[in-house]
Amino acid sequence: MAIEVINVEKGVPVKSWTVGVPFEDGARQQLKNLASLPFIHKWVAAMPDVHFGKGATIGSVIPTTGAIIPAAVGVDIGCGMMAVKTDVRADQLPDSLKELRSNLERAIPHGGGKARKRDPGAWHDIPEDVGQFWQQQLADRFTVLCDKHPVLKNTNNVKHLGTLGTGNHFIEVCLDEQDDVWIMLHSGSRGVGNRIGEHFIRLAKQEMERFFIQLPDRDLSYLVEGTDYFNDYVEAVDWAQDFARINRQVMMGRALKALAVTLNKPVIVEREAVNCHHNYVQKEHHYDKNVWLTRKGAVSAREGQLGIIPGSMGARSFIVRGKGNAESFCSCSHGAGRVMSRTQAKKVVSVEEHALATAHVECRKDAAVVDETPSAYKNIDAVMAAQSDLVEVVHTLRQVVCVKG
DNA sequence: ATGTTC
């Protein structure tokens, strides 16, 4: 399998799994900027869905030693996917999927802004299961974080645990090649993760000024290992990643319940759930060194490890198994990758075109979701072909219901 | 992506 190598003057190379999936010059420059930093271990890896993003390129894998770039992790800390296979078969689903969609929409707070003015996509009263998860796994550590960083206090935190959010966050009902029914969802650490991200991005920028460090891009501001801010960030980011994982777990429980209520029968989960981040940083070992591995829009793909690569609304999604490709730092893409921005998509694609492209899916087809239309994304088949040495496809899923945030 | 807001 061919990869593209971009050599960077006074920096490490960029190794890019983008043969057959061209990407824009802006993203290329961002990758070069990253590769020019003095603390990158070996090289920067770019996945086939790579595209321009704030801070660092979406679809990049960044191994660092002695520093972390908070803006490379971004503000949607721990954003990722969860999927389960159920014992339900396609022919057991009702002819009209409208009721299933509305049951899912009722079971899981979603959306924001005008849709719910007082409590945008949040719990009004905290359900018991949510309260328990919070108390058992998140509450104490959050108190510690707030003591050191009071700016984290006035956030929605527990009120957002088990809620979907907005934008490209979604819940889907899909069918695999044997017509077995899956539930798949995409969400992150919501408002509180966002606050953590923004806070430490600001601190990193301040640190750069304090030490007179010049960078090709202020969004590459970093925290230095050993400093208090670094230690606090590692704690906070780890907490937000747990919040995101639990968030998806809570929603999955509720989605399965909504499916059971709709079918008026118990629903059994047939295979172990896959729950993977695609926007995160953690300690990993690569090429004889312990490094901080930032995956911004990339999924871990160690040998045998299962991951989820969603296509766009109306396209197919994939359950994949990692091949443990060392050169990619054991990673793969996190989706199809955008070819146009949200604003551009809304300008270029009509509501009618969007409705046509998603005709086979029970989903919203109004102007507000046109930015998620399939033609705003790269061709998922080309993206999968470009990473055939990173993952193998275990299941190909097609959506039948999609709830957008 | 989020929260707030014009």
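Since the model is a prediction, treat every value here as computed from it, not as a measurement. Residue numbers begin at 1 in each chain, while the letters A, B, ... track the order of the sequences. Below, all heavy atoms of this structure are taken into account, side chains as well, without hydrogens, waters or symmetry copies.
Put simply, A:His169 has a side-chain N or O that comes within less than 4.0 Å of OP1 or OP2 on B:dT2.
Regarding A:Ile77, its CD1 atom lies at a distance of 13 Å from the P atom of B:dT2, rounded to whole Å. At whole-Å resolution of the value, CZ in A:Phe243 and P in B:dT2 are 11 Å apart. When rounded to the nearest whole Å, the span between NE2 of A:His160 and P of B:dT4 equals 9 Å. Atom C1' of nucleotide B:dG3 and atom CG of A:Asp76 are separated by 14 Å, given to the nearest angstrom. Computed from coordinates, the A:Leu152 CG to B:dG3 C1' distance equals 15 Å when rounded to whole Å. Across the protein-nucleic acid pair, A:Ile201 atom CD1 and B:dT2 atom C1' stand 12 Å apart, rounded to whole Å. The nearest whole Å value for the distance from the CG atom in A:Asn194 to the P atom in B:dT4 is 11 Å. Computed from coordinates, the A:His110 NE2 to B:dT2 P distance equals 13 Å when rounded to whole Å.
With hydrogens and angles left out, the side-chain atoms of A:Glu99 and A:Thr262 include no donor and acceptor closer than 3.5 Å.
Comparing A:Glu198 and A:Asn154 by the nucleotide of DNA chain B that holds the closest heavy atom to each, the one mapping nearer the 5' end is A:Glu198.
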Please tabulate, for the side chains in residues 59-70 of chain A, all donor-acceptor contacts under 3.5 angstrom to protein atoms that are two or more places apart in sequence or on a different chain.
unit_1  : atom_1 : unit_2   : atom_2 : d
A:Ser60 : OG     : A:Thr57  : O      : 2.6
A:Thr64 : OG1    : A:Ala67  : O      : 2.7
A:Thr64 : OG1    : A:Trp292 : O      : 3.3

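Using a cutoff of 4.0 Å between basic side-chain nitrogens and carboxylate oxygens, A:Glu372 and A:Arg338 are scored as salt-bridged.
Pairs engaging residues 394-405 of chain A under the side chain to side chain donor-acceptor pair (under 3.5 Å) rule: A:Glu172-A:Gln399, A:Glu177-A:His395, A:Asp179-A:Arg398 [sequence neighbours left out].
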